[in-house]
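Each remark here refers to the structure printed beneath this line.
All values reported here derive from a predicted model rather than from experimental measurement. If you read the sequence from its start, that first residue is 1, and numbering goes on from there. Hydrogens, waters and symmetry mates are skipped; everything else that's a heavy atom, side chains included, is used.
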Amino acid sequence: MSNKVSVYCIAILIIATKTVKASMRNDPCHFERKCSCLYTRETVTANCSAKGIQHIPTIPTTVTNISFYNNLIYSVDKEAFKMNYNLIYLDLSYNFIGTLYPSSFQGLSKLETLVMSNNPINHTALSIYVLKPLVSLLHLTLKRNFDQPFLLHVAPLVSLQTLKIDAVSNGNEPFGVGYEKLYFLQELDLSGLTGYCILKAITQNTFKYMPYIERLDLSKCQINTISIGSFTILVHLKYLDLSDNRCLKFRGLANVTRELPSTSIEILRINKMHQTFDLNTIMTKCQVEPLRYTNLTEMQLAGNRLQIIESGALQYLPKTLKKISIADNEFSFGEYIKDVSDVTVEEVNASYMGLSHYLMDPDEICEHRQPGYSPCNESTDFYREFKIKRNIEDLHRQNAFLSLFGFVPIPMKLRKFHFRECKLRYYIPEMNFENNIVEFIDISFNAFYDWQGPITNLRYLTFLDISNNFCSKVSTEFFEYGTNLTTLLIQNNLLGFVLPKDINGKILAKVTKLKVLNLADNRIPSLPKAIFNSQTEIRILNLSGNMFENLIFKIDHMTKLSYLDLSDNRLSTLASSFTKQLDILSKNVPNLTVNLLGNPIKCTCESIQLIQWIASTNVHVLDMIKQNCQSHQINLNSSKLIYDILKKKCSSYTTTIVTVVSWLVIFGIVIIAGIAYRYRWKLRYAYYIVKGKHHGQIKPFRTDDDFVFDAFISYADDDGPFVYTKFLKHLEEDRNIRCCIHKRDFLAGNDIATNITSAIHNSRKTVIIMSQHFLESDWCLFEFNMAKMESIYARSKENIIMLVFLEQMSSKDLPLNILELVQSKSYIEYPNDEYGDVVFWDKLKEALSV
Ligand SMILES: *[C@@H]1O[C@H](CO)[C@@H](O)[C@H](O)[C@H]1NC(C)=O
Ligand SMILES: *[C@@H]1O[C@H](CO)[C@@H](O)[C@H](O)[C@H]1NC(C)=O
Ligand SMILES: *[C@@H]1O[C@H](CO)[C@@H](O)[C@H](O)[C@H]1NC(C)=O
Ligand SMILES: *[C@@H]1O[C@H](CO)[C@@H](O)[C@H](O)[C@H]1NC(C)=O
Ligand SMILES: *[C@@H]1O[C@H](CO)[C@@H](O)[C@H](O)[C@H]1NC(C)=O
Ligand SMILES: *[C@@H]1O[C@H](CO)[C@@H](O)[C@H](O)[C@H]1NC(C)=O
Ligand SMILES: *[C@@H]1O[C@H](CO)[C@@H](O)[C@H](O)[C@H]1NC(C)=O
Ligand SMILES: *[C@@H]1O[C@H](CO)[C@@H](O)[C@H](O)[C@H]1NC(C)=O
Ligand SMILES: *[C@@H]1O[C@H](CO)[C@@H](O)[C@H](O)[C@H]1NC(C)=O
Ligand SMILES: *[C@@H]1O[C@H](CO)[C@@H](O)[C@H](O)[C@H]1NC(C)=O
Ligand SMILES: *[C@@H]1O[C@H](CO)[C@@H](O)[C@H](O)[C@H]1NC(C)=O
């Protein structure tokens, strides 16, 4: 029962959230179709940004927030908002508004925020009553409107808290008595980075009507001097930004620091107080000293070409200081280093050292006049000393880093240390830090190319970023004391040169608490099985952008793994041993994600195992298979379907392959057999000739007339009597023709075929005793064919065969190749009568001795 109820509740909840979501949708506004409106129960929020609107439409009373950001509006008409007493937010920035009438904002009595930056408002025509209706205004932004000296009549804005405005003064004070009534004004943003700001000189009069300010942004205001007493009145001031006033310099700062104790300063930003190519600077005790009476928590000193701090100056930093940025300076080593450990900061930003040339950022033109009074006299001994020492110190800069390692002073409360992109090229030697509680170190984008270590005593370190350092060497001791590390970012190095050799996983053996390990972009071709053996706590393992073709390392002990990034490798499949491990892990982690994007996994039968795994596993796999398969006309959106289709395709594919291959084999055999049959005689001939040569029956070389016999007599055994009684008698005895007959002349012990071939080869002619018996004998036909081969291949087609017909034979009895010879007339018929015989033998002798 209770189950049912909860199901109902969930259902109702889902429906409810759905309806809320539906009403949260942005619809075209009723009053102006170009705009999109968000209707909630009480309010309407309209977004008309970048719609090419030229005139402000009539806006219904219900609208509370509306933005006309980035349109083509030229003026705000009289009484344009007269019905909009519910409007609390109005954005008119980035338009072309030049004219405002006294009644332009009439009716906006509840307006809290007005943003009008980037409009070319014609201030000569601006009525002093324009802002009068805005009695509830809290935030006013009017930047990049007035690039000339101009006094805005803000007096009616009695509740104003935030004012962001241009400040261009040519000697006269931009903030007049009208500001006196703004008791709630807390933030004044005059920054030249977002608007027009030219305030060459700040005096006691500049802010005298706004003593309630807590945040003051004077960055990039081209300030040259700040007189003593300018800020004394701002007792609530918590935040002061003087950055990017490049003519003020540390000299001009001395007037400021003297006054800060009378304020409530917490954050002081003095970045880039010097020109990009100024001489290097120093910070003196005199400049810093007053700060010790403040409760400063954060100080930014970046980009000041700061090279040296006067010894002892650091001791004046207040004990409340938690954060300091000394980024983008040019520190060299001096005595002040020994003061470092007294500083109380928790976070130091020392990034971008030695990079202070922002060439895109032109220098500011400073007024050339006699440097005014500064409470810190520049001709003190320390200054002179510094100028002399500087050259010598430059010489020693290279070695200074090395000497630093022997003695590594760290602010005692330091937790976070940023040392990114400092152009430092060095190996990391053994380092021993003193007592410290450092938790976070970022030394990425340097060139620490060889991590030797060990680095001892960083016991609280949990985050280490040494990425982008061209490192190709890591000793097995380097991470030995990194026991407490939970995040290790070492991507974009060259660890592919070391990690594959670390068979026993020694390098990471001690880093047992690791939760995030980034090894991306390290050119790793493979990792040994045991490499991550100690990492049982890991959550995110990033191996993206390497060269893996195969994964063999063990992961099934990482029971908390939730994300394995294997993207952009060369994996075309995953070994089943690996997918099995993932399956085991997915039982522990409900949402284990494996990223396989950017790997060459194709939608083909070769990937079918992987696709099958993806289709069946609980692991959340990111892959491109659906897209890849789409282009293969498998238009499906689930891996399961792809697998099913592919399986069918591939099984028929396998059958096809088997069939095609078998046919190819059969075809090949037939062809070869055919060729062998076609050339059977030639092949046999060649074989036996070679064999004969091997046995010495045939001389390797034969001169023209150097035959052992004149004639090889080929006959059937049944015709033997004729050969012995008549043939040998008439030819050999009477006519002196050397004959070879197998019964008599063949070498015993050699096989017949070799004997035959050799005999034919060693005889000038071959005489065939043709009869019905001859045609019936296989050996006789063999002899005939061998003789034919001999004539073709050894005697350049000269006819060496002599046919002797013992009996009359009809041409239909004769095989085709014998008939061919008959037709070429190289035959003699045995006459078998006395007189004819003589002629026959003579003729035969004649034929045989040519
Ligand atoms: C208003 O709409 C633009 C696009 O037309 C969008 O970029 C912008 O984020 C929207 N602003 C708000 C506050 O929703
Ligand atoms: C409307 O403007 C007010 C006042 O600036 C702001 O607090 C609120 O978040 C805005 N509402 C929406 C939906 O943007
Ligand atoms: C600004 O207003 C003055 C007075 O109405 C007028 O003379 C001048 O031409 C206007 N300037 C511009 C740029 O419209
Ligand atoms: C410091 O203050 C004095 C006295 O107001 C002034 O004369 C001098 O110009 C200021 N110095 C700088 C560098 O701004
Ligand atoms: C700094 O804080 C301490 C303790 O909160 C307070 O007594 C002191 O007045 C503060 N100093 C300044 C300059 O605000
Ligand atoms: C360190 O300072 C540089 C230069 O001002 C800045 O760009 C960077 O964001 C700072 N880093 C941190 C972590 O604050
Ligand atoms: C600066 O020091 C020199 C010599 O040490 C002295 O003559 C001069 O008066 C000092 N100037 C100021 C403004 O204190
Ligand atoms: C790890 O950090 C804890 C404190 O978080 C510390 O007590 C412990 O000594 C550290 N372990 C090692 C081996 O340094
Ligand atoms: C892995 O590292 C690459 C390259 O540094 C990065 O783009 C990617 O977002 C990282 N993946 C995860 C899950 O952090
Ligand atoms: C699982 O993780 C993926 C990516 O990390 C995410 O998109 C998805 O919403 C998560 N699913 C659940 C149920 O948490
Ligand atoms: C696949 O797409 C169809 C419509 O394109 C959709 O109805 C179906 O739910 C989708 N299936 C999956 C598993 O995403």
Side-chain angles (χ1 to χ4, degrees), residues 661-717 719 739-804 811 813-824 826-827 848:
V661 166
S662 343
W663 275 112
L664 277 180
V665 168
I666 292 172
F667 187 67
I669 290 175
V670 167
I671 293 271
I672 289 168
I675 290 173
Y677 183 75
R678 168 86 171 73
Y679 293 104
R680 64 195 182 283
W681 293 116
K682 181 176 175 185
L683 292 173
R684 288 164 92 173
Y685 170 75
Y687 172 71
Y688 290 118
I689 287 286
V690 169
K691 208 166 165 193
K693 281 188 182 158
H694 182 70
H695 287 299
Q697 277 168 279
I698 296 173
K699 293 184 205 156
F701 301 105
R702 179 178 63 192
T703 51
D704 259 358
D705 244 7
D706 182 21
F707 292 106
V708 182
F709 304 103
D710 290 319
F712 169 68
I713 319 298
S714 171
Y715 61 96
D717 278 343
D719 299 325
C739 290
C740 172
I741 58 171
H742 66 263
K743 272 261 159 71
R744 187 186 69 192
D745 297 312
F746 276 13
L747 289 176
N750 280 351
D751 70 291
I752 303 174
T754 316
N755 264 325
I756 292 171
T757 318
S758 310
I760 290 170
H761 190 73
N762 290 335
S763 308
R764 180 176 289 121
K765 295 270 153 104
T766 298
V767 177
I768 307 281
I769 310 297
M770 182 55 69
S771 67
Q772 206 56 50
H773 303 302
F774 187 93
L775 292 179
E776 281 159 14
S777 159
D778 288 338
W779 279 120
C780 291
L781 287 177
F782 177 79
E783 285 166 357
F784 172 75
N785 278 305
M786 283 300 123
K788 244 185 107 172
M789 290 303 126
E790 171 79 15
S791 91
I792 294 171
Y793 295 109
R795 310 280 172 88
S796 40
K797 300 203 176 157
E798 170 200 352
N799 188 16
I800 59 160
I801 302 177
M802 201 68 216
L803 282 177
V804 174
S811 61
D813 294 336
L814 291 173
L816 213 60
N817 47 358
I818 295 180
L819 210 58
E820 205 181 343
L821 264 175
V822 175
Q823 256 145 28
S824 70
S826 56
Y827 74 100
L848 292 181

Main-chain N/O of His761 paired with Arg795 side-chain donor or acceptor, under 3.5 Å: yes
Looking at His773, is its backbone amide N or carbonyl O close enough to the side chain of Ser777 to form a donor-acceptor pair, meaning the two atoms are under 3.5 Å apart? no
Glu790 side chain reached by Glu798 side chain, heavy atoms, under 4.5 Å: no
Measure the shortest side-chain to side-chain distance between Asp751 and Thr754 over non-hydrogen atoms and say whether it is less than 4.5 angstrom. yes
Mind checking whether Ile801 and Lys788 have side chains closer than 4.5 Å, heavy atoms only? yes
Would a 4.5 Å heavy-atom cut-off, applied to side chains only, mark Met789 and Ile689 as touching? no
Centre-to-centre under 6.0 Å for His742 and Tyr715, is that the case here? yes
Hey, do the aromatic rings of Phe707 and Phe712 have their centres closer than 6.0 Å? no
If you round to the nearest 0.5 Å, how far is CZ of Arg678 from CG of Leu683? 11.0 Å
Working to the nearest 0.5 Å, report the span between CG of Leu775 and CE of Met770. 5.0 Å
In Å, rounded to the nearest 0.5 Å, how long is the span from SG of Cys739 to CD1 of Ile741? 8.0 Å
Arg764 side chain vs Ile800 backbone, donor-acceptor pair below 3.5 Å: no
Going from SG on Cys780 to CG on Asn785, what distance comes out if it is rounded to the nearest 0.5 angstrom? 11.5 Å
Nearest 0.5 Å, what's the CZ-SG distance between Phe746 and Cys740? 5.5 Å
dist Thr757:OG1 -> Ile752:CD1 (nearest 0.5 Å) comes out at 11.0 Å
So do Ile756 and Phe782 actually touch side chain to side chain, heavy atoms under 4.5 Å? yes
Distance-only, no hydrogens or angles: does the Arg680 side chain make a donor-acceptor pair with backbone N or O of Tyr677 under 3.5 Å? yes
Between Ser763 (side chain) and Thr766 (backbone), is there a donor-acceptor pair under 3.5 Å? no
Any side-chain heavy atom of Ile713 within less than 4.5 Å of one from Ile769? yes
Taking only residues two or more places apart in sequence or in another chain, which ones pass ring-ring contact (aromatic ring centres under 6.0 Å, His included) with Tyr685? none
Listed partners of Ile672 passing side chain to side chain contact (heavy atoms under 4.5 Å, CB included), at least two apart: none
